[in-house]
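Since we're looking at a predicted model, the values are computed, not measured.
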Amino acid sequence: MRILLVEDDPVLADGIRAGLGLAGLTVDAVTSGADAQAALAGLRFDAVVLDLMLPDGSGLDVLAALRAQQDATPVLLLTALDETPDRIRGLDAGADDYLGKPFDLDELAARLRALVRRGVGRASPLLTHGGLALDPAMLSVNLDGHAVPVSRREFAVLSMLVERPGVIRSKGELEERLYGWQEEVESNTVEVYVHNLRAKLGRDVIETVRGLGYRLRVPA
């Protein structure tokens, strides 16, 4: 999952980015409402973590602008304003969840997984396709009941393909899932991860569509 974090405290933002990274999420961070709106206008994110108190105004203004555009990207408000009226105001403004500071990083990651899962209408916490079962909470993969060890980024590639079996995912789309703004992308990264996954799961699981990208093979 790719997350936009809107938080003006650089120390807290770095901590959240590192913690969610360990949970398998890619996090891009901005420090103002204006930067948040620019990022949301140019890129697609699976969810937004939004502080209410920003240097150029309220996070509720960012939320209102997003919803005015009929953008249903899940938004979790993360703020020190944690009184009941604050929570009600945020949820009624269009937020999908609310978490007060201080907070637990594992809980934040779990709430984001739940928001994204509900956003795509998936009831199960697992991603499944045929004999494949992926657990986003544990970053674990099972094939026909047997555990398959994968790296965090191998999991990210595989999960993106399993989310929509048979749909072609371009190299650029996969790179967006793997890397945030501040990370350097190597030219053959995606090819390496696909090669590793084929070695572990079987060569026929992931299909290359020449010139377009990759897709999870769907039996005829």
Check the surroundings of atom CE in M138: do more than 12 heavy atoms from other residues, nucleotides or ligands lie under 6.0 Å from it?
no
Under the salt bridge (charged side-chain N to carboxylate O under 4.0 Å, His left out) test, which residues partner E154, sequence neighbours left out?
K200
Check: D97 side chain, V75 main-chain N or O, donor-acceptor pair, under 3.5 Å:
no
Remaining members of the apolar cluster that contains V209, side-chain heavy atoms under 4.5 Å
I168, L212
Correct closest heavy-atom pair for D56 and A34 would be OD2-N, 2.9 Å
Per the side chain to side chain donor-acceptor pair (under 3.5 Å) rule, what does the pair list look like for residues 59-78, sequence neighbours excluded?
R67-D96, D71-T73
Could you tell me which residues satisfy side chain to side chain donor-acceptor pair (under 3.5 Å) with R118, sequence neighbours excluded, listed by chain and number?
none
CG on L127 to CG on L158, rounded to 0.5 Å:
9.0 Å
One should read off an interatomic distance between I206 CD1 and Y214 OH, to the nearest 0.5 angstrom, of 9.0 Å
Pair K171 + E191: basic N to acidic O under 4.0 Å:
yes
Test: R87 and E83 ion pair at under 4.0 Å:
no
For L126, the other hydrophobic cluster members (4.5 Å side-chain criterion, sorted by chain and number) are none
Can you find a pair of side-chain heavy atoms, one from Y193 and one from L174, that are under 4.5 Å apart?
no
Residues forming a salt bridge (charged side-chain N to carboxylate O under 4.0 Å, His left out) with R89, sequence neighbours excluded
D86
Sequence neighbours excluded - side chain to side chain donor-acceptor pair (under 3.5 Å) pairs with any residue from residues 121-148
none
Using atom types as modelled and distance alone, determine if a side-chain donor or acceptor of S58 lies under 3.5 Å from a backbone N or O of L60.
yes
Under 6.0 Å from the CZ atom of R152, do we count more than 12 heavy atoms belonging to anything else shown?
yes
My understanding is that only residues two or more places apart in sequence, or in another chain, count here; which of them pass side chain to side chain donor-acceptor pair (under 3.5 Å) with R215?
E207
What residue pairs, at least two apart or across chains, pass side chain to side chain donor-acceptor pair (under 3.5 Å) with a residue in residues 1-10?
R2-D28, E7-K101
Hydrophobic cluster partners of V120 (side-chain heavy atoms under 4.5 Å):
none
If you compare all heavy atoms of P149 against all heavy atoms of A147, which two are closest, and at what distance to 0.1 Å?
CD-O, 3.9 Å
Nearest-0.5 Å distance, CZ of residue R111 to CG of residue D106:
13.0 Å
Between CG on residue L50 and CG on residue L63, distance to nearest 0.5 Å
6.5 Å
Separation of S32 OG from L54 CG (nearest 0.5 Å):
7.5 Å
Remaining members of the apolar cluster that contains L99, side-chain heavy atoms under 4.5 Å:
M1, I3, L5, L12, I16, L20, L25, V27, V49, L76, L78, F103, L105, L108, L112, L115, V116
d(R177 CZ, S159 OG) to nearest 0.5 Å is 5.0 Å
Closest approach of L139 to L22 (non-hydrogen atoms, all atoms of both residues)
CD1-O, 3.9 Å
For E173, what residues pass the salt bridge (charged side-chain N to carboxylate O under 4.0 Å, His left out) criterion, not counting sequence neighbours?
R169
